[in-house]
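Report on the structure given below.
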Amino acid sequence: MKILLTGGTGYIGSHTAVELIKLGHDVEIMDNLFNSKITVLDKIAEITGVKPKFYQVDLLDVNGMDKMFAEGGYDLVIHFAGLKAVGESVEKPLLYYKNNVGGTINLLECMKKHNVKKIIFSSSATVYGEQGVTEMTEDMQTGVGITNPYGETKFMIEEILKDVAKAEPDFEAVILRYFNPVGAHESGLLGEDPNDIPNNLMPIIMKVSLGEIPELSVYGDDYDTVDGTGMRDYIHVVDLARGHVAAMNKMNPGVSIYNLGTGRATSVLEMVAAFERASGEKLPYKIAPRRPGDLAKICANPTKAEKELGWKTELDIEDAMRDTIRYLKNVKKK
Ligand SMILES: NC(=O)c1ccc[n+]([C@@H]2O[C@H](COP(=O)([O-])OP(=O)(O)OC[C@H]3O[C@@H](n4cnc5c(N)ncnc54)[C@H](O)[C@@H]3O)[C@@H](O)[C@H]2O)c1
């Protein structure tokens with residue numbers, strides 16, 4: 001299959017590119033390189049033996065996308081491109097709505113013009129908002145109690161895809177709601193670039209380990225959880241990448257929605273301990289007050305993906321820590 005990955009030099013896109021190329025698919029990547037590096041293409045080539053064709057094109061550049069689609073002849077688009085820093089989205093909401101929602105509308109128009117009917121979209125567990133529930137299933141209500149513009153963009157794009165599918169009976173969309181992606185490729189060549197503004201746990205652990213942040217702040221140790229700290233469903237990025245392959249193989253007209261998570265929640269202190277075990281180093285941390293809006297525990301119910309896609313996670317936190325540390329060693333070498 002000929003597949004376009006928007007945002008394909010990014011963290012999740014690059015790991016998905018590797019899985020698709022290994023299966024013999026013809027993968028092309030478009031990215032504006034805002035949050036990723038062109039050198040990722042060489043890393044993909046080092047792992048797979050194939051360097052994907054690359055377009056440095058922005059979702060907001062309609063002419064550039066039109067040209068790319070005219071050349072491409074794609075069967076499927078996997079749409080990773082988007083801005084993802086939750087805190088930044090609160091400060092710059094228009095940037096997020098324009099880039100993520102406006103950019104996706106441009107992409108969908110371009111797909112329609114060039115007769116591309118299939119899309120897989122990177123959504124997020126944030127669409128479930130704050131409902132006081134710890135285990136999320138796909139049929140739960142979404143869009144209520146979302147606390148930031150980033151999450152709103154994911155919700156809005158989901159609604160847009162549903163409306164397009166209603167209007168066009170041969171349109172096929174899969175919405176994948178990711179939980180908390182962590183880890184790196186086992187080669188140590190691909191991972192989450194710690195140059196990002198860290199807003200979630202693993203990049204902060206990486207920055208503490210690199211000595212760029214003095215210590216990890218653990219927000220709250222008095223939640224009703226195993227050790228009082230917040231618990232999340234951390235999914236290894238390679239399992240997540242394989243979830244896209246499984247989804248791609250079972251596409252149908254209309255919109256299908258799947259949670260991609262492990263179904264197990266891990267606490268912040270359990271993550272710290274796993275990092276310390278894998279690295280052999282002590283990770284300095286301090287307990288800080290709870291952050292407003294944080295929930296005690298959020299976890300995927302991944303049963304639907306298992307039943308319908310035949311997909312489930314195979315890697316665990318120990319694998320994620322081992323692979324992250326291998327990637328960190330490469331980063332430190334530079
Ligand atoms: N990493 C997570 O924790 C997480 C969780 C849930 C959902 N997601 C979603 O998954 C997708 C991929 O996330 P990631 O972690 O790989 O992020 P990433 O930042 O590593 O990758 C996204 C890529 O999109 C590119 N991009 C952004 N705006 C663009 C534009 N206008 N035109 C072209 N390229 C553009 C960036 O340069 C980057 O390479 C995103 O849509 C993100 O919101 C991520």
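For the numbers below, each heavy atom of this structure counts, side chains included, while hydrogens, waters and symmetry mates do not.
The two atoms that bring Pro169 and Pro253 nearest to each other are O-CB, 3.5 Å, heavy atoms only. In this structure, Asn259 and Thr137 approach most closely via the heavy-atom pair ND2-CA, 3.9 Å. Val255 and Ala165 make their closest contact through CG2-CB, 3.6 Å (heavy atoms, listed as atom of the first residue, atom of the second, distance). Of all the heavy atoms in Ala300 and Gly261, the pair that sits closest is CB-CA, 3.8 Å.
Considering CG of Leu269 and CE of Met231, their distance stands at 10.5 Å, rounded to 0.5 Å. To the nearest 0.5 Å, atoms CZ (Phe155) and OG1 (Thr126) are separated by 11.0 Å. To the nearest 0.5 angstrom, Asn32 atom CG is 8.0 Å from Thr9 atom OG1. To the nearest 0.5 angstrom, Ile47 atom CD1 is 7.0 Å from His15 atom NE2. Interatomic distance, Met248 CE to Met1 CE, rounded to the nearest 0.5 Å: 4.5 Å. Atom CD in Gln56 sits 4.0 Å away from atom CG in Leu33 (nearest 0.5 Å).
Note on Leu108 and Leu76: separate hydrophobic clusters, where clusters join Ile, Leu, Val, Met, Phe, Trp and Tyr whose side-chain heavy atoms are under 4.5 Å apart, directly or indirectly.
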Could you go through Ile298 and Leu295, starting from their C-alpha distance and side-chain angles, then the distance that decides it, and tell me whether this counts as side chain to side chain contact (heavy atoms under 4.5 Å, CB included)?
CA-CA 7 Å; Ile298 302 172; Leu295 299 176; 3.8 Å; yes
Lys162 and Glu159: salt bridge (Lys or Arg N to Asp or Glu O under 4.0 Å), yes or no, with the steps?
CA-CA 5 Å; Lys162 290 176 195 166; Glu159 297 305 297; 3.0 Å; yes
Between Glu192 and Tyr327, does a side-chain hydrogen bond (donor to acceptor under 3.5 Å, both in side chains) hold up when you go through it step by step?
CA-CA 9 Å; Glu192 187 162 25; Tyr327 177 68; over 6 Å; no
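Within the 4.5 Å cutoff, no side-chain heavy atoms of Ile120 are placed close to those of His79. Put simply, the side chain of Glu281 reaches to within 4.5 Å of the side chain of Ser209, judged on heavy atoms. Proximity of Ile175 to Tyr258: side-chain heavy atoms (C-beta onward) are nowhere separated by under 4.5 Å.
A salt bridge between Lys118 and Glu172 is present, with a side-chain N of the basic residue lying under 4.0 Å from a carboxylate O of the acidic one.
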Name every donor-acceptor pair, under 3.5 Å, that has one atom in a side chain of residues 215-224 and the other anywhere in the protein, sequence neighbours excluded.
{"residue": "Asp222", "atom": "OD1", "partner": "Arg290", "partner atom": "NE", "Å": "2.9"}

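Screening Thr313, Thr324, Asp323 for a side chain to side chain donor-acceptor pair (under 3.5 Å) involving His236 leaves a single residue, Asp323.
Residues forming a salt bridge (charged side-chain N to carboxylate O under 4.0 Å, His left out) with Arg322 (at least two apart in sequence, or on another chain): Asp319. Residues passing the ring-ring contact (aromatic ring centres under 6.0 Å, His included) test with Tyr74, sequence neighbours excluded: Phe69. Residues satisfying the ring-ring contact (aromatic ring centres under 6.0 Å, His included) test with Tyr178, not counting sequence neighbours, are His244. Taking the ring-ring contact (aromatic ring centres under 6.0 Å, His included) definition, one finds that Tyr128 meets it with nothing, sequence neighbours left out. Judged as a salt bridge (charged side-chain N to carboxylate O under 4.0 Å, His left out), and not counting sequence neighbours, Asp31 has no contacts. Contacts of Lys51 classified as salt bridge (charged side-chain N to carboxylate O under 4.0 Å, His left out), with partners at least two apart in sequence or in another chain: Asp42. Residues meeting the salt bridge (charged side-chain N to carboxylate O under 4.0 Å, His left out) test with Glu158, sequence neighbours left out: Arg177.
In this model, a donor atom of one side chain and an acceptor atom of the other lie less than 3.5 Å apart for Asp227 and Ser267. Judged by distance alone, the side chains of Lys250 and Asn252 never bring a donor and an acceptor atom under 3.5 Å apart.
Counted within 6.0 Å of OH on Tyr285, heavy atoms from surrounding residues, nucleotides or ligands total 12 or fewer; the atom is thus considered open. Other residues, nucleotides and ligands place no more than 12 heavy atoms under 6.0 Å from the NZ atom of Lys98. A 6.0 Å sphere centred on CD of Glu186 holds no more than 12 heavy atoms belonging to other residues, nucleotides or ligands.
The salt bridge (charged side-chain N to carboxylate O under 4.0 Å, His left out) pairs that include a residue from residues 294-309 are Arg291-Asp294, where partners are two or more places apart or lie in different chains. For the salt bridge (charged side-chain N to carboxylate O under 4.0 Å, His left out) condition, the pairs that include at least one residue of residues 104-115, sequence neighbours left out, are Asp66-Lys113, Lys112-Glu168. For residues 148-157, the side chain to side chain donor-acceptor pair (under 3.5 Å) pairs, not counting sequence neighbours, are Asn100-Thr153. Residue pairs that meet the salt bridge (charged side-chain N to carboxylate O under 4.0 Å, His left out) test with at least one member in residues 1-11, sequence neighbours left out, are Lys2-Glu28.
For the pair Asp239 (side chain) and Leu315 (backbone), a donor-acceptor distance under 3.5 Å is present.
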